[in-house]
Amino acid sequence: MPELPEVETVRRGLEPVLAGHVILHADVRRPDLRWPFPPGLAPRLTGARVESLGRRSKYLLAGLDRGETLIVHLGMSGRILVSGAQVGAFHHPHPAPEKHDHLVLDLDGGARITLNDARRFGAVDLWPSDAIGGHRLLAGLGPEPLGNGFDAPYLAGRMAGRLAPVKAVLLDQRIVAGLGNIYVCEALWRARVSPLRLARDVGPGEAEAIVAAVRGVLIDAIDAGGSSLRDYRRADGELGYFQHAFAVYGREGGACPRCGTAIARSVQSGRSSFHCPGCQS
DNA sequence: CGATGCCCCTGAGAGC
DNA sequence: TGCTCTCAGGGGCATC
């Protein structure tokens, strides 16, 4: 599943295909993903013009001319593919429908957008654009990690007194919105802080290092087109390549690129953590 | 309130 | 080949 860099990469690939175009036909192939689709999804999309394509945390937000915004979350296995349009140097013909294609939008000009999500942890909703921040899935989100609201004093304040490991705090979308398992592991490695450390024991200098590392790793990953593991692909079907730059994620037993110590794997709140016991403390 | 587990679901890969 | 088991970019919700 896509974390912030993957969602941002999808957004950038999709924006020129969607923005300014009219949805001629919406094929809603099942009634729900994680939650039921909003009532009348197909008719509410049909004939609408997409005015903008934005992103908040891991949510894609397509602003429609009817005053509603289409909200899409990709969950763990969601993919969005474009066909029938010129994407970069390539022309993608419409492929045969695949298993787990749940929502298919045909646009004026011939492009087709297909949402595929095998595990169905994703979400689709429609909500009034002028109240988008009040949507139940968006209302509690913390600041964007690449925005001005995420800085060292803020993070230090949110970590103060907290008994949870620093990794759990960074994964908490109410504290900072858009990080997931990969980029938290990678950022903590860059900051030389162990994911096992309790948040209340992280000092101000380390908070500064974590903020810088989070920003740096997200920017590097976006520059690389995200990370392609398993399901994820860019909107144009190409693979991102940041996975080749992982220092620790998925590298248990491998040599730390900084000090050579073997990378360790642990389990925190049911998910794998990777860190270097040699240079992260 | 804060912390922790469970659960939703399918598919890929490993081991036998 | 086929079974069983583990694991996977998320996150809401119940429970202590």
Side-chain angles (χ1 to χ4, degrees), chain A residues 1-11 30-36 55-60 71-80 98-102 115-125 135-142 145 157-188 195-201 214 217-218 220-222 224-235 239-246 248-253 265-274:
Chain A
M1 164 252 88
E3 303 179 37
L4 188 154
E6 290 73 40
V7 177
E8 178 60 22
T9 300
V10 169
R11 191 198 69 76
R30 55 174 298 124
D32 55 44
L33 286 175
R34 178 164 186 177
W35 296 287
R55 177 189 61 73
R56 171 76 170 104
S57 183
K58 303 171 191 174
Y59 294 87
L60 286 168
I71 303 171
V72 176
H73 192 279
L74 298 175
M76 286 283 269
S77 57
R79 290 180 288 169
I80 294 182
E98 286 187 28
K99 200 173 178 184
H100 310 306
D101 284 354
H102 306 311
L115 171 63
N116 178 290
D117 183 4
R119 295 177 71 184
R120 304 204 302 273
F121 292 166
V124 171
D125 206 358
H135 189 279
R136 69 184 186 95
L137 296 175
L138 305 179
L141 293 175
R158 297 302 300 258
M159 288 194 296
R162 288 200 51 170
L163 207 52
V166 59
K167 178 168 188 231
V169 169
L170 293 173
L171 282 174
D172 187 336
Q173 305 295 300
R174 298 168 300 181
I175 291 175
V176 57
L179 300 180
N181 205 27
I182 290 180
Y183 296 106
V184 167
C185 288
E186 293 296 314
L188 287 172
L196 306 171
R197 187 104 67 82
L198 300 188
R200 67 178 182 189
D201 297 334
V214 164
V217 76
L218 294 179
D220 290 349
I222 291 170
S227 304
S228 291
L229 305 176
R230 294 173 289 277
D231 306 295
Y232 170 75
R233 282 177 174 254
R234 300 174 4 175
L239 300 174
Y241 52 88
F242 192 73
Q243 65 277 11
H244 303 302
F246 290 167
V248 290
Y249 185 82
R251 296 195 59 243
E252 180 182 14
R265 175 181 176 272
S266 53
V267 177
Q268 295 183 276
S269 46
R271 295 204 151 77
S272 290
S273 286
F274 299 91

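In what follows, every chain begins at residue 1, and chains take the letters A, B, ... in the order their sequences are listed. Please read all numbers here as calculations on a predicted model, not as lab measurements.
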| request: Figure out the NE2/C1' separation between A:His100 and B:dG11, and round it to whole Å. | output: 8 Å
| remark: Side-chain atoms of A:Ala164 come closest, of B:dA3, C:dC7, C:dG11, to B:dA3
| field | Distance (rounded to the nearest 0.5 Å) between A:Glu6 CD and A:Ile222 CD1 | value | 9.0 Å
| said: Rounded to whole Å, please give me the gap between CG in A:Leu33 and P in B:dC7. | reply: 22 Å
| query | So, does A:Asn116 use its side chain to make a donor-acceptor pair with the main chain of A:Lys99 at under 3.5 Å? | reply | yes
| query | So does A:Arg174 have more than 12 non-hydrogen atoms from other groups sitting under 6.0 Å from CZ? | reply | no
| said: Base, sugar-phosphate or nothing for A:Arg120? Non-hydrogen atoms, less than 4.0 Å. | reply: sugar-phosphate
| message | Ring-plane angle category for A:Phe246 and A:Tyr183, please: parallel below 30°, perpendicular beyond 60°, tilted otherwise. | response | perpendicular
| query | Once you round it to whole Å, what is the distance between C1' of B:dA3 and CZ of A:Arg162? | reply | 8 Å
| field | Minimum-distance nucleotide to A:Gln173 side chain [options: B:dT4, C:dG12, C:dG11] | value | C:dG11
| field | A:Met159 CE - B:dA3 C1' separation (whole Å) | value | 17 Å
| message | Base of C:dA8, side chain of A:Arg119 - is there a donor-acceptor contact under 3.5 Å? | response | yes
| said: Measure CZ/A:Arg34 against C1'/B:dC9 and give the value in whole Å, please. | reply: 11 Å
| field | Watson-Crick and G-U pairing of DNA chain B written in dot-bracket, each distance under 3.5 angstrom, with | for inter-strand partners | value | .|||||||.|||||||
| said: At 4.0 Å (heavy atoms only), tell me whether A:Gly270 reaches a base, stays on the sugar-phosphate, or touches nothing. | reply: nothing
| query | Are A:His102 and A:Asp117 close enough, and set up right, to give a side chain to side chain contact (heavy atoms under 4.5 Å, CB included), and what steps lead you there? | reply | CA-CA 7 Å; A:His102 306 311; A:Asp117 183 4; 3.8 Å; yes
| said: When the P atoms of C:dC3 and B:dC9 are compared, how many Å lie between them, rounded to an integer? | reply: 23 Å
| remark: note: A:Asn116, atom CG; B:dC9, atom C1'; distance rounded to Å ~ 13 Å
| Distance check: side-chain N/O of A:Lys99 vs OP1/OP2 of B:dG11, anything under 4.0 Å? | yes
| said: Nearest to the A:Trp35 side chain among B:dC8, C:dG12, B:dA3, which nucleotide is it? | reply: C:dG12
| Distance, rounded to the nearest Å, where A:Arg251 contributes CZ and C:dA8 contributes C1' | 19 Å
| said: I'd like to know whether A:Gln243 forms a side-chain hydrogen bond (donor to acceptor under 3.5 Å, both in side chains) with A:Ser228, so could you lay out the CA-CA distance, the side-chain angles of the two residues, the decisive distance to 0.1 Å, and finally the verdict. | reply: CA-CA 6 Å; A:Gln243 65 277 11; A:Ser228 291; 4.6 Å; no
| query | Rounded to whole angstrom units, what separation is found between the CZ atom of A:Arg174 and the P atom of C:dG11? | reply | 12 Å
| field | Distance test, side-chain N/O of A:Ser272 to OP1/OP2 of C:dA8, below 4.0 Å | value | yes
| field | Nucleotide nearest A:Phe121 when distance is taken to its side chain, options B:dC8, C:dG11, C:dC7 | value | B:dC8
| Atom OG of A:Ser266 and atom CZ of A:Phe274: how far apart are they, to the nearest 0.5 Å? | 8.5 Å
| Can A:Arg120 be said to sit on top of A:Trp35's aromatic six-ring, NZ or CZ under 6.0 Å from centre and within 45° of the ring axis? | no
